[in-house]
Protein chains: 2
Amino acid sequence: MAATIGDVARVAGVSRSTVSYALSGKRAISEETRTRIQEAIEQLGFTPNAGARALATSQTNVLGLYLQFEEDEFAPAMLQYVLPVSTTARDHGYDLLMVTDPDLVNAVRRTTSSAMVDGVVLLDVTYDDVRLEPLRGATQPAVLIGYARNGEGFDSFDLDFGEAARLIVDHLAALGHRDIVLITPPRQVYDRGGSYAWRFRDAAVERAARYGMRLAPHYGESRQPGIVDELDAALAASPDATAIVVHNDATIAALPSYLDKRGIRCPDDLSVIGVFSQDFAQAFSLPFTAVETSPDALGQEAVRRLILRITAPEQAGAPVVRFIEPALVDRGSTRAVG
Amino acid sequence: MAATIGDVARVAGVSRSTVSYALSGKRAISEETRTRIQEAIEQLGFTPNAGARALATSQTNVLGLYLQFEEDEFAPAMLQYVLPVSTTARDHGYDLLMVTDPDLVNAVRRTTSSAMVDGVVLLDVTYDDVRLEPLRGATQPAVLIGYARNGEGFDSFDLDFGEAARLIVDHLAALGHRDIVLITPPRQVYDRGGSYAWRFRDAAVERAARYGMRLAPHYGESRQPGIVDELDAALAASPDATAIVVHNDATIAALPSYLDKRGIRCPDDLSVIGVFSQDFAQAFSLPFTAVETSPDALGQEAVRRLILRITAPEQAGAPVVRFIEPALVDRGSTRAVG
DNA sequence: CTGAAAGCGCTTACAG
DNA sequence: CTGAAAGCGCTTACAG
């Protein structure tokens with residue numbers, strides 16, 4: 001069917017090894033030979049067979065991206081991470097194997113030990129991530145987008161959610177707020193071990209305590225009508241709250257409509273502050289001040305690091321756990337009180 | 001590093017071919033030999049090398065999924081199609097190579113002619129889709145999710161958008177509506193050749209004309225503040241409109257908030273009817289009657305067909321263009337007028 | 001029921 | 001500057 005390197009060699013009148021070297025540039029080829037080979041390649045529409053190349057070089061130029069679509073997760077939020085990973089990989093000459101098999105451990109083991117991928121990107125990382133075990137036995141390096149307690153030995157990239165919480169509480173404290181509601185990720189995220197959930201919440205609680213502020217955390221929901229019910233309940237439980245902090249994608253996306261419906265004016269009646277990315281704000285028309293989550297930067301940095309570890313492990317050095325610095329984007333949805 | 005079939009053979013005390021046959025089940029193996037092999041496999045943690053297997057069998061058990069993230073597209077909507085494709089593929093033993101390279105033609109050519117994939121799933125299909133040309137030369141079968149004029153020879157699966165439009169217009173006509181606004185996909189979708197855009201619009205216009213109804217189409221936007229501005233303009237241009245039909249994901253997602261803000265009650269002041277999936281409705285809490293777009297069914301059917309064409313081409317028969325039947329899901333957002 | 005061997009299409013020392 | 005050959009790790013006729 002498809003042309004092989006042998007066909008190219010025959011048409012160009014050279015040996016197969018010469019064609020191979022012309023392709024890789026790993027040794028000098030005379031100008032004339034090179035053009036003959038080039039012509040043969042074009043004439044035959046030759047592309048090297050990926051399997052054969054992988055077998056010979058032990059490299060696939062494919063990265064594995066492992067993620068799950070959880071029921072309690074807000075799908076649009078996850079997509080923000082997939083895109084930069086995909087783009088960055090391609091920019092460096094890597095394709096992406098997207099693995100969504102619910103049997104995580106097996107999927108990781110299968111794809112790594114069959115040498116389908118040169119490296120692994122983990123999304124939806126949990127505090128005790130079951131995928132790390134099979135990964136330790138793997139020959140391929142891995143990078144986590146998120147943070148795992150058992151992540152030792154792997155590069156990790158995540159937002160500094162503790163710092164994000166402190167930034168927000170400080171901001172509200174400076175404006176004079178004393179009574180705050182916090183909507184956290186759904187309870188299932190905690191159960192599953194999504195550490196960003198409690199890293200943010202615990203830091204917020206601690207910081208608020210330092211200021212002597214009242215801060216009431218409530219588990220948010222990811223689906224209607226739960227989202228609205230939970231908001232109602234949370235606000236009813238804190239009738240004097242002057243601000244709401246939302247660390248929950250589905251809830252913040254539904255908030256503009258909720259506030260309208262309840263006749264709550266922002267920031268006049270209630271200051272609002274969230275945790276989401278610029279892109280997310282765009283897509284959902286969110287007019288709220290927020291800590292930027294920077295999925296683009298995170299994805300890009302993670303993939304770059306992974307590729308460095310694949311191609312130049314000695315340069316990559318020791319595993320790094322990098323918490324990127326959050327920044328507050330003021331969209332004017334908070335105001336001074338008292 | 002990783003154990004090979006030779007290692008397994010040695011440990012089990014059999015030949016490599018016997019191990020291979022034990023793996024594939026393609027010939028009878030004595031019970032005793034089988035268990036020895038099984039033990040050796042487990043002891044060594046053996047998984048067949050994917051590249052070697054691909055080289056020997058000309059099969060990768062990988063499907064290519066080709067999509068673009070367009071600026072003017074509402075990302076969450078696209079994800080609905082990715083998920084069922086991924087899930088269905090895995091259910092049939094296939095992994096998914098996700099290709100988002102902006103250089104479409106080259107990406108298709110490269111991945112098919114290097115034999116990285118056994119089959120191709122095309123998303124974001126346009127009326128004159130440039131990816132079909134390289135696909136004709138490919139040895140792998142392809143399936144389109146969407147419709148292309150130059151799609152002859154390929155299996156295609158899409159919603160019957162013409163019928164969807166007629167269903168909606170009929171529904172509104174039966175309720176006595178005579179003056180309707182239609183928000184279509186963004187202009188760029190038309191420019192790019194997204195046929196679902198005009199298939200829906202043209203059918204709606206034609207059907208409305210038959211009833212002697214006024215139907216005013218407006219290009220919707222995909223980002224704020226354009227969405228709101230365009231809605232304002234569209235409604236202002238049809239001050240007597242009693243219903244709005246929204247065939248635009250970003251607009252329908254923003255509509256609840258818009259209606260609240262403008263104090264428009266639905267369906268009392270305005271009947272609303274959309275084109276979106278059950279899942280989309282859930283995620284965005286959309287209380288609107290709509291034509292179900294069935295991304296799950298579409299993705300699943302498409303992948304099944306593709307796999308049939310890969311594994312049993314003689315059974316697959318002639319290429320099929322399947323427009324799945326739309327159904328109206330009544331959520332009570334339309335009412336009788338006049 | 002099992003084995004020895006050829007072959008899939010590349011890359012890369014080894015030789016010249 | 002170029003070629004002949006071994007080897008990557010599988011599968012599968014061919015033989016027994």
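In what follows, chains are A, B, ... by sequence order, proteins preceding strands, each numbered from 1. In this text, all values refer to a predicted model and were calculated from it rather than measured experimentally.
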Under 4.0 Å protein heavy-atom contact, by nucleotide of nucleotides 9-16 of chain C - B base, S sugar-phosphate only: BBBBBB--
Near-ring test A:Tyr147/A:Phe323, centroid separation under 6.0 angstrom: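 Yes; A:Tyr147 has its ring centre under 6.0 Å from that of A:Phe323.
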Phosphate OP1/OP2 of C:dC8: any B:Ser58 side-chain N/O under 4.0 Å: no
Heavy-atom closest pair, residues B:Ala148 and B:Val125: CB-CG1, 3.7 Å
Shortest non-hydrogen contact between A:Pro141 and A:Leu306, atoms and distance: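 Heavy-atom minimum between the residues: O-CD1, 3.5 Å.
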Distance, rounded to the nearest Å, where A:Glu31 contributes CD and D:dT2 contributes C1': 16 Å
Output a table of donor-acceptor pairs, distance under 3.5 Å, between side-chain atoms of residues 81-89 of chain A and any protein atom two or more places apart or on a different chain; print 'none' if there are none.
from, atom 1, to, atom 2, distance (Å)
A:Ser86, OG, B:Thr100, OG1, 2.3
A:Thr87, OG1, A:Leu83, O, 3.0
A:Thr88, OG1, A:Pro84, O, 2.7

Distance in Å, A:Leu135 CG paired with A:Leu122 CG, rounded so as to fall on 0.5 Å steps: 6.0 Å
Nearest-0.5 Å distance, CD1 of residue B:Ile145 to CD of residue B:Glu301: 10.0 Å
Contact list for DNA chain D against residues 107-120 of chain A - heavy-atom distance below 4.0 Å: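 Output list: empty, so none.
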B:Asp118 side chain reached by B:Asn61 side chain, heavy atoms, under 4.5 Å: yes
Canonical and wobble pairing (Watson-Crick, G-U, under 3.5 Å) of DNA chain D, dot-bracket with |: |||.||||||||.|||
A:Thr33 and A:Ser30: side chain donor to acceptor below 3.5 Å: yes
Any residue meeting side chain to side chain donor-acceptor pair (under 3.5 Å) with A:Ser114, in chain and number order, not counting sequence neighbours: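 With sequence neighbours excluded, A:Ser114 shows a side chain to side chain donor-acceptor pair (under 3.5 Å) to no residue whatsoever.
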Which residues share a side chain to side chain donor-acceptor pair (under 3.5 Å) with B:Arg27, sequence neighbours left out: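 Residues passing side chain to side chain donor-acceptor pair (under 3.5 Å) with B:Arg27: none at all.
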